[in-house]
Amino acid sequence: IDRGTADGVRANRTVVNSAGLVGRVLRVRPNDADVLLIGDPDLVVGVRFGAQGALGSITARPAPGVPTRQPGELTLTVIGDSPVEVGDEVTTLGSPNSSPFVADVMVATVVSVDPDKGQLGQTAAVMPSVDIDTLDAVAVLVGARQ
């Protein structure tokens with residue numbers, strides 16, 4: 001992105017657009033920064049989903065035995081025994097001091113639930129709310145200036 005430390009951008013800050021989570025700031029220089037995008041295999045996001053706000057994580061790396069994903073789909077892994085349903089909205093859990101992720105940012109919607117094949121946690125396919133292929137304007141949530 002074309003903003004950096006001169007603009008208050010720091011590493012490990014949430015990057016969003018009007019549709020939801022884009023990623024997090026990875027590296028920053030005085031006038032620009034690199035962003036690790038949602039869907040990158042190295043990005044894992046703690047999330048809440050469903051009406052009860054159950055916990056899980058989203059990653060581009062599906063667990064072994066999980067069905068093949070359609071292009072753009074990511075994997076939600078449920079923590080615990082909470083039910084997951086098609087149509088559940090998925091939002092960021094948030095991080096301590098909101099770094100790297102602030103809470104309650106739209107991340108994805110559940111598009112299919114995987115069959116239970118004895119995995120440690122239930123899994124589901126989710127479609128990110130942001131279309132990375134058509135990104136234009138983004139915002140970095142920088143917090144209060146110090």
Side-chain angles (χ1 to χ4, degrees), residues 1-63 66-114 119-146:
I1 59 173
D2 63 352
R3 295 289 185 256
T5 55
D7 305 293
V9 175
R10 302 288 178 261
N12 289 319
R13 295 294 186 197
T14 307
V15 181
V16 299
N17 73 3
S18 61
L21 184 69
V22 170
R24 71 173 176 85
V25 176
L26 184 62
R27 286 180 290 274
V28 64
R29 293 167 293 281
N31 298 306
D32 62 3
D34 298 325
V35 175
L36 189 62
L37 300 173
I38 188 88
D40 186 288
D42 290 331
L43 186 67
V44 177
V45 182
V47 297
R48 289 190 179 276
F49 65 92
Q52 301 300 316
L55 299 175
S57 65
I58 287 185
T59 182
R61 295 182 186 186
V66 169
T68 303
R69 299 291 182 227
Q70 297 299 312
E73 290 180 345
L74 306 175
T75 298
L76 165 67
T77 301
V78 176
I79 296 174
D81 295 327
S82 297
V84 59
E85 297 179 3
V86 171
D88 281 350
E89 290 188 347
V90 182
T91 60
T92 53
L93 172 62
S95 305
N97 300 317
S98 297
S99 177
F101 299 111
V102 299
D104 300 320
V105 175
M106 182 66 178
V107 178
T109 302
V110 176
V111 294
S112 67
V113 177
D114 298 329
Q119 297 105 318
L120 188 54
Q122 177 72 48
T123 57
V126 298
M127 185 58 73
S129 56
V130 171
D131 183 355
I132 296 301
D133 294 335
T134 60
L135 276 178
D136 190 12
V138 300
V140 178
L141 306 181
V142 295
R145 296 231 179 208
Q146 299 184 14

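Computation of the quantities below employed the complete heavy-atom set of this structure, encompassing side-chain atoms and omitting hydrogens, waters and symmetry-equivalent molecules.
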Side-chain donor-acceptor contacts of residues 71-84 below 3.5 Å, not counting sequence neighbours, with atom names and distances?
from  : atom 1 : to    : atom 2 : distance (Å)
Glu73 : OE1    : Gln70 : N      : 2.9
Thr75 : OG1    : Arg69 : NE     : 3.0
Thr75 : OG1    : Arg69 : NH2    : 3.3

For [X], check side chain to side chain donor-acceptor pair (under 3.5 Å) against everything at least two apart and list the hits.
| X | value |
| --- | --- |
| Asp40 | none |
| Asn31 | none |
| Asp42 | Arg61 |
| Ser99 | none |

Minimum heavy-atom separation for [X] to [Y], with atom names?
| X | Y | value |
| --- | --- | --- |
| Gln122 | Val113 | NE2-CG1, 3.3 Å |
| Leu21 | Val16 | CA-CG1, 4.4 Å |
| Val140 | Ile1 | CG2-CD1, 3.4 Å |
| Ala33 | Val25 | CB-CG1, 4.1 Å |
| Gly53 | Arg48 | O-NH1, 2.7 Å |
| Pro30 | Thr5 | CA-OG1, 3.1 Å |

With sequence neighbours left out, what residues match [X] under salt bridge (Lys or Arg N to Asp or Glu O under 4.0 Å)?
| X | answer |
| --- | --- |
| Asp136 | none |
| Arg3 | none |
| Arg10 | none |

Quiz prompt | Pairs meeting criterion salt bridge (charged side-chain N to carboxylate O under 4.0 Å, His left out) with involvement of residues 94-107, two or more places apart | solution = none
Quiz prompt | Sequence neighbours excluded, every pair satisfying salt bridge (charged side-chain N to carboxylate O under 4.0 Å, His left out) that has a member inside residues 29-38 | solution = Arg27-Asp34, Arg29-Asp32, Arg29-Asp34
Quiz prompt | Side-chain donor/acceptor of Thr14 to backbone N/O of Leu141, under 3.5 Å | solution = no
Quiz item: Is the backbone N or O of Val9 less than 3.5 Å from a side-chain atom of Asp7, with the two atoms forming a donor-acceptor pair by type?
Solution: no
Quiz item: What residues, two or more places apart in sequence or in another chain, satisfy side-chain contact (heavy atoms from CB on, under 4.5 Å) together with Leu37?
Solution: Val22, Val35, Ile132, Leu135
Exercise. For Val44, enumerate each residue passing the side-chain contact (heavy atoms from CB on, under 4.5 Å) test, keeping only those at least two apart in sequence or located in another chain.
Key: Ser57, Thr59
Quiz item: Under a 4.5 Å cut-off applied to non-hydrogen side-chain atoms, are Val47 and Leu93 in contact?
Solution: no
Self-check item: Min side-chain heavy-atom separation Asn12-Arg24 under 4.5 Å
Solution: yes
Quiz item: Can you tell me how far the OG1 atom of Thr123 sits from the CG atom of Asp114, to the nearest 0.5 Å?
Solution: 3.5 Å
Practice problem: Could you grab the distance from atom OG of Ser112 to atom CE of Met127, nearest 0.5 Å is fine? | Solution: 9.5 Å
